[in-house]
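See structure below.
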Amino acid sequence: MGIGFFACIAVLTVLAALLVVLHPDPVYSALGLISVMCLLAVLFVSLEAHVLAAFQIIVYAGAVMVLFLFVVMLLGQSLAGGSWAAAPGLWIAGGGAAAAFGTALASVVLGARALGGGLGPPAKGFGSAEMLAGELFTTHLLSFELTSVLLLIAVVGAVVLAKERFEPRAPVRNPGVGDPGGAMSA
Amino acid sequence: MTPIAYYVGLGIVLFAIGAIGVLVRRNVIVMFMAVELMLNAVNLVFVAYARALGSMTGQLMVLFVITVAAAEAAVGLAIILAVARNRHTVFADENTLLRW
């Protein structure tokens, strides 16, 4: 992939990322994030990570972002209003973060030669589903299984959180059970 | 071919935008999206180094990050919904029950 193509994708990605953070309407933020994910999938392909590019589109741009849009849709009206930090400390922290990452970026740009020049041709089959699965189901089998447990816990947790009412508990009036006075009067 | 440093630089820029977004936005949904942006930036750097070092471990790490992000999104959005339903706000500044 040429430098020009990379530059185009990079500029579009940064613009989409800025849209995520700067737009007051969360729906546009979500659209910006979907753009970022699709553009990153393009970069993954350029880095020979074909399977991951597919996962990026299916899982991130597909499933996760649809979840986000569902929540935005469900909340609707309550999203309106000012959504910028009021405390000046947070803006100072944001400026500090910008300075820190600017320094990191400058060090990467200045030390670009030390990080290595252009990438050579990839090894045969690098990034293929076969190679990914070969390593996933041998070296990292335990992590893979633990991931399934994690997903199960997340599903159960999400269902419980979505069902729970969290209302302050009113004393339950249930004459006859643990309330001899009530049972007596009834 | 594009040098690896360009990918790392792009990853840093995306991570910075995400981090600043978490700090300066108070809408929890947008803050959550900024967190996802940071995860994506890290994924890009993982994939770039996997390519540069010729090792699949970086790509596997990205696979796990994607999985954990999906789980995190499911639970996090459920929490946001529960808070919005009970306190009628999605702004971090207005949920001050635990603040001293």
Side-chain angles (χ1 to χ4, degrees), chain A residues 1 3 6 10 14 17-18 20-21 26 29 33 36-37 40 43-44 47-49 52 55 59-60 63-64 67 71-72 75 78-79 83-86 90-91 93-94 97-98 101 104-105 108-109 112 115-119 123 131-132 135-136 140 143 147 150-151 154 157-158 161-162 164 166, chain B residues 1-10 12-21 23-27 29-30 32-34 36-37 40 43-44 47-48 50-52 54 56-57 59-60 62-64 66-71 73-75 77-82 84 86 88-91 93:
Chain A
M1 187 175 75
I3 299 268
F6 174 84
V14 171
L18 287 174
V20 174
V21 170
S29 295
L33 195 51
V36 169
M37 285 159 178
L40 282 183
L43 290 182
F44 284 4
L47 289 164
E48 311 292 333
L52 285 184
F55 283 158
V59 178
Y60 251 137
V64 172
L67 206 59
V71 172
V72 171
L75 293 179
S78 56
L79 291 171
S83 68
W84 297 93
L90 286 170
W91 289 93
F101 287 114
L105 183 62
V108 166
V109 169
L115 283 171
L119 300 164
M131 206 165 164
L132 193 78
E135 193 135 335
L136 180 63
H140 300 276
S143 317
T147 307
L150 173 77
L151 281 175
L161 281 169
E164 194 75 34
F166 296 119
Chain B
M1 291 297 288
T2 316
I4 179 98
Y6 289 20
Y7 290 99
V8 178
L10 179 61
I12 289 175
V13 171
L14 289 181
F15 194 96
I17 294 173
I20 294 167
L23 287 171
V24 302
R25 292 301 295 264
R26 292 295 88 186
N27 185 335
I29 293 182
V30 177
F32 211 63
M33 287 188 208
E36 298 285 335
L37 192 60
N40 270 281
N43 282 352
L44 178 65
V47 172
R51 171 75 176 77
M56 289 301 286
T57 314
Q59 294 199 11
L60 281 172
V62 172
L63 197 62
F64 289 126
I66 289 178
T67 319
V68 171
V75 175
L77 289 172
I79 291 174
I80 291 174
L81 268 185
N86 289 287
H88 307 290
T89 178
V90 291
F91 297 108
D93 281 345

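Naming convention: chains lettered A, B, ... in sequence-line order (proteins, then strands); numbering from 1 in each chain.
The contact between A/Val20 and chain B is made by backbone and side chain atoms together, counting heavy-atom distances below 4.5 Å. For B/Val24, the parts lying under 4.5 angstrom from a heavy atom of chain A are both the backbone and the side chain. When heavy atoms are compared at a cutoff of 4.5 Å, A/Leu90 approaches chain B by way of both its backbone and its side chain. Contact annotation for B/Ala19: only side-chain heavy atoms (C-beta onward) come within less than 4.5 Å of a heavy atom of chain A. When heavy atoms are compared at a cutoff of 4.5 Å, A/Ala63 does not approach chain B at all. For a residue to count as touching a neighbouring chain, one of its non-hydrogen atoms must lie under 4.5 Å from one of that chain's; by this rule A/Val14 touches chain B with backbone and side chain alike.
No other option in B/Ile80, B/Val47, B/Val13 has as many heavy-atom pairs under 4.5 Å with chain A as B/Val47. Of the listed residues (A/Ala154, A/Gly157, A/Ala97), the greatest number of heavy-atom pairs within a distance under 4.5 Å of chain B belongs to A/Ala154. Of the listed residues (A/Leu33, A/Leu47, A/Val59, A/Leu52), the one with the most heavy-atom contacts under 4.5 Å to chain B is A/Leu47. Heavy-atom pairs under 4.5 Å with chain A were tallied for B/Ile66, B/Val30, B/Leu77, B/Thr67; the largest tally goes to B/Leu77.
Relative ring orientation between B/Tyr6 and A/Phe6 is described as tilted, the plane-to-plane angle lying within the 30° to 60° band.
Inter-residue side-chain proximity for B/Leu44 and B/Asn40 is flagged as unmet; no heavy-atom pair is nearer than 4.5 Å. Proximity of A/Phe44 to B/Asn43: side-chain heavy atoms (C-beta onward) are separated by under 4.5 Å at one or more points. Residues B/Thr57 and A/His140 meet the side-chain proximity criterion, which asks for heavy atoms closer than 4.5 Å. At a threshold of 4.5 Å between non-hydrogen side-chain atoms, the residues A/Ser143 and A/Leu136 do not count as touching.
Here the closest heavy-atom approach between residue B/Glu36 and residue B/Ala73 is recorded as OE2-CB, 4.1 Å.
The distance from atom CG of A/Leu161 to atom CG of B/Leu81, rounded to the nearest 0.5 Å, is 9.5 Å.
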